[in-house]
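Read the structure below first, then the notes.
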Amino acid sequence: MTKQKVVGPRVIYWHRTDLRLHDSPALKAALDLKPECLWQCWTWDSHYVYRARNGPNRWQYLLDCQRDLSESITKINSKAKLFVIREGPQTLFPKLFKSWRVSHLVFEKDTDVYARDRDESIVQLAKDAGVEVIVKVGRTLYDPDELVKGNGGKPTMSISQVQAVAKKLGEPPRPIPAPKSLPDPGETPLDFDQERPSADPDINGQTRESKEQSFSALAGPNGDFAVPTMEELGLPVATTPHRGGESLALQRLAEVCKDKEYTATFEKPKCAPTEVPASTTLLSAHLHFGSLGVREFYWRVQDVVDEWKKGKHKVQATQPPTSLTGQLLFREMYFGAQAALGHPFHQTHANPSCRFIPWHLQSTIDPSTNRATGSYSIDSSAAERQFQRWAHGQTGFPWIDALMRQLRSEGWIEHLGRHAVACFLTRGGCYISWERGAAVFAELLLDHEPACNAGNWQWLSCTAFFAQFYRCYSPVAFPKKWDKSGDFVRRYVPELAKFSDKCIYEPWTASVADQKKWGCLIKGDGSEKEDGKMKVYPEPMFDFGERRDACLKGMKDAYGVGLYGNDKRVMDGSWKKLFPDDAEGLAEGDGAQSDGAEEAGSKTKKGGAAGKKRQAGQGTLDGVVKKAKK
DNA sequence: GCGCTAGTTGACGTA
DNA sequence: TTACGTCAACTAGCG
């Protein structure tokens with residue numbers, strides 16, 4: 001067994017947003033180096049474990065992806081696997097570079113705000129260690145920085161801007177096939193100490209069932225660099241039926257593309273948010289974790305579309321942005337906005353593209369960084385109660401609650417469903433900051449893509465991207481359009497399963513006799529689940545029609561005042577003077593709202609009211625609500 | 001500066 | 001059942 005010693009590049013391929021072997025420009029770059037040895041690694045980052053709120057479903061999905069990738073690697077080379085090393089890259093890499101005599105570090109470019117900061121330091125550390133760094137774009141169709149450059153250095157705020165730049169940049173490249181062979185990894189000595197992160201604060205602490213132990217040893221509990229388990233993370237079993245991994249992603253993509261008519265004539269606004277199984281592709285989480293390459297998705301679909309266009313069909317192929325590939329352009333748009341705006345894109349404060357609305361439950365800001373801290377100020381205890389009821393599917397509006405319960409148990413809801421709950425929480429119901437909703441989605445959505453999440457919440461709250469705030473989703477009329485008999489509600493709000501079609505979206509309109517007959521009483525605020533043998537479903541937490549009118553008025557006024565997140569008056573808190581009755585409102589309790597005696601109507605004129613004091617009764621909507629009730 | 005149109009996905013009433 | 005106009009009204013982009 002004498003083997004001639006070959007001296008060549010010793011490469012770490014650092015997997016992050018690319019848990020796949022197909023369509024990976026970074027992997028190709030690593031292999032093009034003709035390495036003597038190649039370690040495919042994942043660094044276990046304390047940021048994700050302790051500092052970002054992640055529900056069990058998302059963790060399960062990540063671990064699925066890692067396990068599947070590791071198995072796929074091993075199938076190609078039995079000596080290779082995904083090496084999961086339990087330490088943050090900032091402290092690990094300098095030690096690893098030396099110990100493993102690494103010559104190159106290769107990874108996929110990530111323009112997320114956290115990743116940018118992290119990677120900047122990693123590139124410097126590699127430079128200091130004499131390690132060459134290769135970064136490749138693979139997460140998006142276009143490099144978000146190039147997209148911004150092509151848009152005159154400005155954030156991409158409309159789909160037409162994205163389409164214009166994409167036209168200039170040309171078609172995205174074809175996907176790269178998975179490698180047929182992989183070099184051996186080198187030896188993996190761990191002759192250095194592990195630096196464990198502080199578990200304080202552990203913002204996922206409440207979710208854990210047992211102690212978090214994923215940092216117990218550098219190579220894991222068995223010393224084999226294996227993918228951690230949910231038990232290691234101390235997390236409960238995931239409840240979602242959706243599972244991760246490249247094998248499943250490619251299988252699903254093949255299923256989608258096999259139905260040529262579906263693929264070629266897909267039209268987003270016509271996808272029912274109430275369908276189970278989903279009317280859309282369910283590939284978003286795979287795109288997020290990189291278990292599916294976006295170019296793979298784009299070209300597999302585009303090839304079907306091109307073929308369809310050649311044939312004679314009753315139904316024409318659809319065009320971007322409503323077509324299937326068009327959906328990817330919205331992703332590009334949000335990545336472009338994030339790339340240009342950086343950290344402020346994820347908050348109102350200091351965000352030049354985001355309108356300021358005097359929402360309830362605004363984020364608290366660290367004045368030294370101008371960044372949101374993750375906590376928020378409770379200006380109104382009623383708004384806080386509404387927020388909690390929204391987040392846990394107890395609003396008393398079955399359509400909203402069904403969606404929020406689906407989100408919590410399965411980690412996924414259809415796009416229009418997301419619209420409905422987001423509109424309801426912000427401009428079309430609760431008048432609560434979009435940042436509160438975005439945080440809940442960030443924790444619970446399997447496909448939580450930070451840029452898309454922030455962008456879509458700004459869209460729905462009419463603070464950026466979209467401004468037609470008078471188009472408001474009704475929790476009753478909107479779902480009826482898709483699901484007359486309320487099957488979706490019956491599935492996710494089973495206590496209402498026996499209610500009549502007529503009452504399913506408005507169970508409070510049922511007579512007490514009917515409620516008894518159907519086995520569920522409509523009462524309370526959601527804290528009571530049963531009353532004797534009867535189930536209990538909460539009363540609606542407000543009169544939707546009144547809240548819609550009040551929100552509409554509030555939005556109109558706030559647009560008139562015309563502040564953006566980077567306005568000095570937003571930054572220094574003096575915006576409160578422009579919304580003078582801010583101190584009024586729900587803070588005193590549900591029934592103790594402002595007396596609303598002042599004239600509620602606004603005479604604020606279009607665009608010209610910046611700096612003009614609003615008339616009393618407008619700062620929060622509650623004075624208006626009270627007035628409307630009289 | 002002005003008028004006009006388009007903007008992936010509203011609700012409601014009428015024909 | 002579907003198609004369209006109205007409601008009261010936003011911004012951005014274009015000519």
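Proteins get letters first, then strands, A, B, ... in listed order; numbering begins at 1 in each.
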Interatomic distance, L403(A) atom CG to I413(A) atom CD1 [nearest 0.5 angstrom] = 5.0 Å

Under-4.0 Å salt bridge between R295(A) and E171(A) | no

Output for pair (R547(A) CZ, D549(A) CG), nearest 0.5 Å, gives 11.0 Å

CZ of F465(A) versus C1' of dC10(C): gap in Å, rounded?
-> 16 Å

Tell me: CZ of F544(A) to C1' of dA11(B), nearest whole Å?
-> 10 Å

Rounded interatomic separation in angstrom, taking CG from L460(A) and C1' from dT8(B) | 13 Å

Does a donor on one side chain sit under 3.5 Å from an acceptor on the other, for Y537(A) and Q515(A)?
-> no

Using a cut-off of strictly less than 4.0 Å, decide whether R548(A) has a side-chain nitrogen or oxygen near OP1 or OP2 of dA11(B).
-> no

Atom-pair distance (NE2 on H419(A); P on dT8(B)), nearest Å | 11 Å

For nucleotides dA6(B) and dC4(C), find the distance between their P atoms and express it as a whole number of Å.
-> 15 Å

Could you check whether the rings of W459(A) and Y334(A) sit parallel, tilted or perpendicular, using 30° and 60° as the cut-offs?
-> perpendicular

For atom C1', what is the distance between dT6(C) and dT8(B), given to the nearest Å?
-> 22 Å

State the CZ-CD1 distance between R371(A) and I365(A), to the nearest 0.5 angstrom.
-> 11.0 Å

How long is the line joining CZ of F266(A) and C1' of dT8(B), in whole Å?
-> 10 Å

Side-chain contact check for H415(A): nearest option of dC12(B), dG10(B), dT8(B) is dT8(B)

Both distances under 3.5 Å, Watson-Crick or G-U wobble: on that basis, could you give the dot-bracket string for DNA chain C, with [ ] for crossing pairs and | for other-strand partners?
-> .||||||..||||||

Round to a whole Å and report the spacing from CE of M333(A) to P of dA12(C).
-> 14 Å

When you get a sec, tell me which of dC10(C), dA11(B), dT9(B) is the closest nucleotide to the side chain of Y559(A)?
-> dC10(C)

Sugar-phosphate only, base, or nothing, as touched by R355(A) at under 4.0 Å among non-hydrogen atoms = sugar-phosphate

Go through dT9(B), dC10(C), dC12(B) for me and flag the one nearest to the F469(A) side chain.
-> dC10(C)

On the 0 to 90° scale, with breaks at 30° and 60°, tag the Y61(A)-H286(A) ring pair as parallel, tilted or perpendicular.
-> tilted

Can you name the atoms? Protein N/O to nucleotides 1-7 of chain B N/O, anything below 3.5 Å, with the distance.
unit_1: dG7(B); atom_1: N3; unit_2: Q468(A); atom_2: OE1; d: 3.3

Pair D483(A) + R491(A), salt bridge at N-O below 4.0 Å | no

What's the NZ-P distance between K481(A) and dT1(C), to the nearest Å?
-> 15 Å

Centroid-centroid distance, W508(A) to F397(A), less than 6.0 Å = yes

Tell me whether the OP1 or OP2 atom of dA9(C) has a side-chain N or O from K556(A) closer than 4.0 Å.
-> yes

When the ring planes of F387(A) and W390(A) are compared, do they come out parallel, tilted or perpendicular, using 30° and 60° as the limits?
-> parallel

Return the nearest nucleotide to the side chain of Q161(A); candidates are dG13(C), dT8(B), dA9(C).
-> dG13(C)

NZ/K149(A) to CG/D143(A) distance, rounded to the nearest 0.5 angstrom?
-> 9.0 Å

Describe the nucleic acid contact of F330(A) in one word from base, sugar-phosphate, nothing, applying a heavy-atom distance below 4.0 Å.
-> base

Length of the OH-C1' vector between Y564(A) and dA12(C), whole Å = 11 Å

Kindly assign one of parallel, tilted or perpendicular to the pair F465(A) and F345(A), based on the angle between their ring planes and the thresholds 30° and 60°.
-> perpendicular

CH2 on W399(A) to CZ on F478(A), rounded to 0.5 Å = 6.5 Å

Pairwise N/O distances under 3.5 Å, protein to nucleotides 2-5 of chain C:
none

Using the P atom in both, what is the distance from dG7(B) to dC7(C), to the nearest Å?
-> 23 Å

dT14(B) and dA8(C), which share atom name P, separated by this distance in whole Å = 15 Å

Base, sugar-phosphate, or nothing for E267(A), non-hydrogen atoms under 4.0 angstrom?
-> nothing

